[in-house]
Amino acid sequence: MTTQDELRPTLTTEAGAPVADNQNTETAGVGGPALIQDQLLFEKLAHFNRERIPERVVHARGAAAYGTFTVTADVSQYTRAAFLSEVGKQTEVFLRFSTVAGNLGSADAVRDPRGFAVKFYTEEGNYDLVGNNTPVFFIKDAIKFPDFIHTQKRDPYTGSQEADNVWDFWGLSPEATHQVTWLFGDRGIPATYRHMNGYGSHTFQWQNEAGEHFWVKYHFKTDQGIRNLTQDEANKLAGEDPDSHQRDLRESIERGEYPTWTVQVQVMPAADAAGYRFNPFDLTKVWPHADYPLIEVGRLELNRNPENVFAEVEQSIFSPAHFVPGIGPSPDKMLQGRLFAYADAHRYRVGINADHLPVNRPHATEARTNSRDGYLYDGRHGRQKNYEPNSFGGPVQTGRPLWAATVVDGPTGNHATPAHAEDDDFVQAGNLYRLYSEEERQRLIANLAGFIAKVSADREDIVERAVDNFRKADADYGQRLEAAVRELRKQ
């Protein structure tokens, strides 16, 4: 008997070869890091990075400021990073806020995650922590990122964002349920960039001087307090003042009202990861604070505006692959893909020498590489030799890795994320729903129902799949949402 899937065409690479697995990145063993031999991953990410010029494909709309990060607590037992080495130490920073889905001319006051990208200009090189204002994300594997963003962007036929596309993908991707519950809750539209938290979101590695390593998650807690907009307030503000968030950030700094964030981390001993109740590298999940309490690290203050938005904000580049000694990646499959994709996006968008621009180059040390030439190369290396090893006094390697090695085991392959005892796409979404007050739940249901109800009348299957994910998270959640959507679709 022929199934529906057997009648569908085969997904292929750009060279026409059939795709065996479009859901899981190929890794070195189950739970291991991504392999460069997974050319489908790189083909998809490289193509995705080149789909728009010249603005960013995602995070195009943004604002930024310079400031300082000051260490307020001793964390040297966890990491040997020099900028975290002693209480009172200060490091210059550059922080760019952004919306994700909108283009460069879109409004600030919209329902969308906010980018929270911090560049630390440390004496050991620039460290980029590229996060969001939510601790989780919609997907857990970078191979799905281009597909996800395509659903949020304009449809190739209609030229508009389509509810059919958004809810079709989310309904077929139950891991998105947690982040969608965040996004359509009260924190989905921050009142300003100053009144929201930031998160590293991914799990990262810290290594101390003794060689011990730990898994960490970053939290930036706003000292201004959380403030959000309702959907009606946001709709009004977006129409009246599309630049609301950018203007608020700039003018607050001009007034001397410098926004600050308390920087904290959760620290997991490396040995805990394998037996933890859910996969600690899964970007769709948080670590409960009861398991790993927040530890204060420092204070971040923004106190200087850029002089030129294009030169410093639009041409700024961030990459999660920009680590410093004592800090490194984890096997998080979304992070593994971003290590390639972000740097590649900027090589295309700004140019191969984007790191030479003042906002991007190291401020507390000097970059010494053998890379030469290319578009807008400024000749800074003069007559220096451009190879290594050499006998002309050129720079040499240290022989000391920046972070601890990750143990891998098993055959290569397109492995699904390893299952832990409590791995589930719905538990944390349900927990979050139950944390909301009754008034917050009412607004969440109204926000979700208003969008789901826009799905085409002849695609009830998309509606049912979408609602069913929330039903699996919490019975009351699903029941109330189903009733609200049904009522709106009658109208």
Side-chain angles (χ1 to χ4, degrees), residues 53-56 58-70 83 90-99 102-109 114-123 125-131 133 190 192-196 198 220 222-224 241-261 263 299-319 322 342-343 345-367 375-380:
I53 56 171
E55 69 179 37
R56 291 168 169 89
V58 288
H59 298 277
R61 174 78 173 180
Y66 295 92
T68 55
F69 168 75
T70 305
F83 79 102
Q90 289 195 332
T91 299
E92 182 188 4
V93 299
F94 181 74
L95 172 52
R96 184 178 186 270
F97 306 95
S98 56
T99 53
N103 58 27
L104 191 58
S106 59
D108 289 336
R114 300 300 192 275
F116 196 99
V118 188
K119 186 181 296 292
F120 297 86
Y121 298 101
T122 90
E123 64 266 49
N126 292 348
Y127 172 44
D128 291 351
L129 185 59
V130 189
N133 71 323
T192 77
Y193 288 134
R194 296 180 295 127
H195 293 89
M196 69 181 195
F220 295 75
T222 176
D223 296 323
Q224 289 69 237
D241 184 8
D243 301 324
S244 58
H245 289 40
Q246 298 189 34
R247 178 176 293 106
D248 174 84
L249 178 65
R250 184 185 69 251
E251 292 181 351
S252 70
I253 294 175
E254 289 174 346
R255 292 192 303 268
E257 297 176 11
Y258 301 143
T260 63
W261 286 260
V263 184
R299 183 172 181 269
L300 188 151
E301 175 186 272
L302 298 181
N303 50 37
R304 178 165 66 91
N305 284 315
E307 294 296 316
N308 184 283
V309 171
F310 179 78
E312 297 166 85
V313 182
E314 289 310 304
Q315 293 194 121
S316 64
I317 65 172
F318 296 85
S319 171
H322 290 167
Y342 273 61
H346 297 309
R347 283 190 287 268
Y348 166 69
R349 189 180 66 84
V350 186
I352 195 64
N353 288 306
D355 56 305
H356 291 189
L357 295 172
V359 68
N360 299 323
R361 67 187 179 216
H363 288 191
T365 187
E366 176 189 355
Y375 187 60
L376 294 182
Y377 176 61
D378 61 8
R380 64 182 54 202

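Everything numeric in this text was worked out from a predicted model, so none of it was measured.
Asn126 places no side-chain N or O within donor-acceptor distance of the main-chain N or O of His322, the cut-off being under 3.5 Å. Listed for the Asp243 side chain is no donor-acceptor partner under 3.5 Å among the backbone atoms of Asp108. In this structure, Arg61 contributes its side chain and Leu104 its backbone to a donor-acceptor pair below 3.5 Å. The backbone N or O of Arg361 sits nowhere less than 3.5 Å from a side-chain atom of Tyr121 that would complete a donor-acceptor pair.
Here the closest non-hydrogen pair linking Ala60 and Gly102 is CB-O, 3.8 Å. Scanning both residues, Gly67 and Asn303, for their nearest heavy atoms gives CA-OD1, 3.4 Å. Shortest non-hydrogen contact noted between Phe69 and Val263 is CE1-CG2, 3.8 Å. In terms of heavy atoms, Ala63 sits closest to Leu249 at CB-CD2, 4.2 Å. Of all heavy-atom pairs between Ser106 and Thr99, the closest is OG-OG1, 4.5 Å. The two residues Tyr342 and Ser319 make their nearest non-hydrogen contact at CB-CA, 4.0 Å.
Under the rule for a salt bridge (Lys or Arg N to Asp or Glu O under 4.0 Å), Asp355 has no partner lying at least two apart in sequence or in another chain. Thr68 meets the side-chain hydrogen bond (donor to acceptor under 3.5 Å, both in side chains) test with no other residue; sequence neighbours excluded. Partners of Phe116 by ring pair (Phe, Tyr, Trp, His ring centres under 6.0 Å), not counting sequence neighbours, listed by chain and number: Phe97, Phe220, Trp261. With sequence neighbours left out, His59 forms a ring pair (Phe, Tyr, Trp, His ring centres under 6.0 Å) with no residue at all. Take Thr222 and apply the side-chain hydrogen bond (donor to acceptor under 3.5 Å, both in side chains) test, not counting sequence neighbours, and it matches Gln224. Scored by the side-chain hydrogen bond (donor to acceptor under 3.5 Å, both in side chains) test, Asn133 finds no partners at all (sequence neighbours excluded). In this structure, the salt bridge (Lys or Arg N to Asp or Glu O under 4.0 Å) partners of Arg380, at least two apart in sequence or on a different chain, are Asp378. Glu92 is linked by a salt bridge (Lys or Arg N to Asp or Glu O under 4.0 Å) to Arg304, counting only residues two or more places apart in sequence or in another chain. Take Glu254 and apply the side-chain contact (heavy atoms from CB on, under 4.5 Å) test, not counting sequence neighbours, and it matches Arg250, Glu251, Asn305. Partners of Arg194 by salt bridge (Lys or Arg N to Asp or Glu O under 4.0 Å), not counting sequence neighbours, listed by chain and number: Asp248. Residues meeting the side-chain hydrogen bond (donor to acceptor under 3.5 Å, both in side chains) test with Thr260, sequence neighbours left out: Asp223.
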Show me, pair by pair, the donor-acceptor contacts under 3.5 angstrom made by side chains of residues 309-318, not counting sequence neighbours?
unit_1 : atom_1 : unit_2 : atom_2 : d
Glu312 : OE1    : Tyr66  : OH     : 2.8
Glu312 : OE2    : Glu307 : N      : 2.8
Glu312 : OE2    : Asn308 : N      : 2.8
Ser316 : OG     : Arg56  : NH2    : 3.4
Ser316 : OG     : Val313 : O      : 2.7

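Using a 4.5 Å heavy-atom threshold, the side chains of Val93 and Leu95 count as separate.
Using a 30° and 60° split on the angle between ring planes, Phe120 and Tyr127 fall in the parallel class, below 30°.
Note that OG1 of Thr365 and CD of Glu123 are 8.5 Å apart. Values are rounded to the nearest 0.5 Å. If you take OH on Tyr377 and CG on Asn353, they are separated by 8.0 Å, rounding to the nearest 0.5 Å.
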